[in-house]
Amino acid sequence: MALSSRLNPAEEEENELNDFERPGEEEEEEEEAAAAGEEPGDQPSHNPSAPPDELFDISTTVDPAYIISLIRKLLPISASEVVNSRDNGLSCNDGVRGGSTSGSMDDSGASLSRELVLNESDKNEPENMDVGDDDSSSRSQVTRVSQADDVWEEHGCVLWDLAASKMHAELMVQNLVLEVLSANLIVSQSVRVKEICLGIIGNLGCHELPMMHIVSKEGLMKSIIDQLFLDDTQCLCEVFRIFTSGLKSKECGTWGEALEADHVLSRIMWVAENTLNLQLLEKSVEFLIAVLECREEVSRALIPPFMKLGLPSLLIHLFSTEMSVATGDKVPERLPILDVILRAIEALSSLDGHSQEISSNKTLFLLVCDVLKIPDKAEVASSCVTAAVLFANMLADIPTLSSEIWQDVSLLEGLLDILSFASDDLEAQHAIWNTIAILLVHVKETEMTISSLHQYVTVLVSKSDLIEDNLLGQQIDHVTMENIDSSRRNARSIALLSIAGILTKWTSSKDRPERDGTSSDEHDAEYENIRRLMRCCHKHLGVGGFSLLIMLVLEHLFLSSFKDQSTH
């Protein structure tokens with residue numbers, strides 16, 4: 001049964017950070033205090049100010065006491081009511097008593113509230129509780145609970161956003177936010193509460209120190225993993241986001257061990273295969289990428305069981321599904337999904353010992369070719385670059401594949417188009433030039449028919465600007481060129497030599513049709529483009545001496561032949 005969005009998703013509110021600071025409220029309170037005859041520094045009795053020697057010495061635009069008060073308000077309702085009734089309960093000011101300047105909550109208070117939370121669900125109803133059938137009383141109680149939930153959600157969403165800041169995140173973990181969130185994950189039955197808790201943890205986990213606290217907090221990782229078995233898409237999105245951050249952090253070893261269980265890996269695969277929610281699909285595949293790119297000792301433990309569960313088949317199935325959408329009526333929301341799936345497959349194709357399962361799949365090979373030949377690549381540029389790298393990996397694993405597709409001129413055209421999208425990616429540029437070289441090596445211009453040769457010439461000349469721009473970009477970046485190893489230079493040189501050979505054969509061929517129905521202006525334009533592309537090839541080959549002389553002679557022969565034809 002496929003996962004889908006909840007029937008009644010909670011409304012999401014996007015709040016700017018300055019909305020949380022509430023700078024105007026302090027001025028209003030001071031004005032109200034002055035009108036009442038109070039000193040400006042006076043505060044309500046329920047929120048006394050900290051002694052001067054215990055004030056927070058933290059550079060932040062948000063008052064640390066405000067953040068701590070929000071943490072306190074996230075205590076599960078049953079526990080917070082009891083804590084509120086105690087003089088020594090948690091509060092934003094009690095957290096700094098006893099001369100502490102760290103702003104941390106009192107440990108004994110935290111332990112007490114934690115104990116209350118864990119035990120509250122096991123307690124019987126108080127003897128003086130009214131359990132009558134009074135409908136109005138029941139409705140009133142439901143209304144109070146609903147209002148309390150709304151307030152809890154508001155405070156939780158503020159902390160969720162604030163946790164994106166490293167400074168605020170570290171302040172939160174110092175003040176026992178993880179204890180509060182862990183308690184809510186254990187006792188709450190609300191998926192919205194769980195989602196907010198997981199969202200806060202997900203933002204905290206993006207920072208190094210808070211992630212250390214997350215893995216060291218007893219029972220928290222288990223509680224997070226347990227949420228993987230919920231059937232709520234938003235909660236699952238946050239769970240996968242936490243998993244991904246964990247595998248990308250210095251604590252990846254601990255996360256790897258926690259995720260090794262067969263039932264956990266099986267559930268991950270099931271969610272990725274069956275979800276209909278685009279965000280959840282993207283998050284689940286991003287997690288799989290993190291597994292494939294993780295530290296070696298972690299990937300060694302996780303990848304084999306994933307392979308046994310059919311990871312290659314899953315990714316190819318997802319790829320096929322997205323390609324059917326991308327080549328049909330394009331849905332913009334689905335394009336990022338195609339990209340992330342391709343990145344996962346490309347990562348798997350780069351792994352020693354596992355790449356053969358990818359490269360030997362004929363369905364996948366044909367799908368990748370289809371990506372490279374997409375006419376309008378602007379919307380799927382990133383996917384095309386990834387597909388080009390994947391294509392190069394597959395040809396490197398199984399060289400005989402090139403003999404099946406070298407005559408597909410549209411494939412060559414697609415690869416040349418992708419050069420413009422890979423201008424900032426040296427690895428992708430190398431993969432593209434290497435693939436072009438492999439394809440053109442099969443072209444035996446002396447054995448080809450004049451019509452087949454003309455197809456190659458047409459494609460190469462039409463893409464001459466892209467070729468020249470790419471080569472010029474590499475020439476300008478001298479530092480980059482010095483770092484390019486010989487294999488990369490050789491692949492590019494072989495490709496350029498093949499291009500020059502095709503152009504030379506075409507221009508020197510006596511069987512070439514005269515003008516072929518083109519006007520004089522079109523003929524002159526073609527002449528100029530071929531001439532420019534040939535000079536570009538020998539300029540960027542980096543050859544000298546005798547080899548350069550050969551190139552100049554070939555060009556001279558070409559120019560003479562072309563000019564003779566242009567005079568007819």
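Below, each value reflects all heavy atoms present in this structure, side chains not excepted, and no hydrogens, waters or symmetry copies. Predicted model, so just to flag it, every value in this text is computed and none were measured.
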Inset, instruction - Apply side chain to side chain contact (heavy atoms under 4.5 Å, CB included) to Lys283 and Glu238, showing your working. - result: CA-CA 8 Å; Lys283 295 300 180 185; Glu238 297 306 323; over 6 Å; no

How many angstroms lie between [atom1] in [X] and [atom2] in [Y], if you round to the nearest 0.5 Å?
| X | Y | atom1 | atom2 | result |
| --- | --- | --- | --- | --- |
| Thr254 | Met211 | OG1 | CE | 10.0 Å |
| Leu364 | His317 | CG | NE2 | 14.0 Å |
| Ile68 | Leu176 | CD1 | CG | 9.5 Å |
| Leu281 | Glu322 | CG | CD | 6.5 Å |
| Glu170 | Glu208 | CD | CD | 9.0 Å |
| Ile358 | Asp397 | CD1 | CG | 10.0 Å |

Inset, instruction - May I have the step-by-step check of side chain to side chain contact (heavy atoms under 4.5 Å, CB included) for Leu302 and Trp255, ending in yes or no? - result: CA-CA 11 Å; Leu302 292 179; Trp255 277 105; over 6 Å; no

Shortest non-hydrogen contact from [X] to [Y]?
| X | Y | result |
| --- | --- | --- |
| Ala258 | Met221 | CB-CE, 3.6 Å |
| Arg295 | Cys252 | CZ-SG, 3.4 Å |
| Leu342 | Leu390 | CD2-CD2, 4.0 Å |
| Val325 | Arg334 | CG1-CD, 3.6 Å |
| Ala344 | Val285 | CB-CG1, 3.9 Å |
| Ala381 | Phe421 | CB-CD2, 3.6 Å |

Any side-chain heavy atom of [X] sitting closer than 4.5 Å to one from [Y]?
| X | Y | answer |
| --- | --- | --- |
| Leu292 | Leu311 | yes |
| Phe319 | Val368 | yes |
| Leu204 | Val177 | yes |
| Leu228 | Phe240 | yes |
| His168 | Leu159 | no |
| Trp152 | Pro76 | no |
| Leu185 | Leu198 | yes |
| Ile268 | Ser284 | no |

Inset, instruction - Take the angle between the ring planes of Phe306 and Phe287 and call it parallel below 30°, perpendicular above 60°, tilted in between. - result: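 Perpendicular: the ring planes of Phe306 and Phe287 meet at over 60°.
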
Inset, instruction - Tell me, please, which residues at least two apart from Glu333 pass side chain to side chain donor-acceptor pair (under 3.5 Å). - result: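 None.
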
Inset, instruction - Report the C-alpha separation of Ser383 and Leu335 in whole Å, then their side-chain angles, then the decisive distance to 0.1 Å, and conclude whether the side chain to side chain contact (heavy atoms under 4.5 Å, CB included) test is met. - result: CA-CA 9 Å; Ser383 297; Leu335 296 181; over 6 Å; no

Legend entry - Any side-chain donor near an acceptor of the partner, Glu346 and Ser350, under 3.5 Å: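 Yes.
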
Between the side chain of [X] and the main-chain N/O of [Y], is any donor-acceptor distance below 3.5 Å?
| X | Y | result |
| --- | --- | --- |
| Arg343 | Ile289 | no |
| Thr435 | Ala431 | yes |
| Ser69 | Tyr66 | yes |
| His207 | Ala164 | yes |
| Asn184 | Val193 | no |
| Ser420 | Asp417 | yes |
| Ser216 | His213 | yes |
| Gln429 | Leu419 | no |
| Ser249 | Gly246 | yes |
| Ser245 | Ile242 | no |

Legend entry - Verdict with supporting geometry, Arg300 and Glu297, salt bridge (charged side-chain N to carboxylate O under 4.0 Å, His left out): CA-CA 5 Å; Arg300 262 203 319 263; Glu297 59 269 26; 5.5 Å; no

Inset, instruction - Might you confirm whether atom CD of Gln189 has over 12 heavy atoms from other residues, nucleotides or ligands at distances under 6.0 Å? - result: no

Inset, instruction - Answer yes or no: are there more than 12 heavy-atom neighbours, outside Met307 itself, under 6.0 Å from its atom CE? - result: yes

Inset, instruction - Apply side chain to side chain contact (heavy atoms under 4.5 Å, CB included) to the pair Glu427 and Val389, showing each step before the final yes or no. - result: CA-CA 8 Å; Glu427 292 295 333; Val389 177; 5.9 Å; no

Legend entry - Partner set under salt bridge (Lys or Arg N to Asp or Glu O under 4.0 Å) for Asp226, not counting sequence neighbours: Lys222

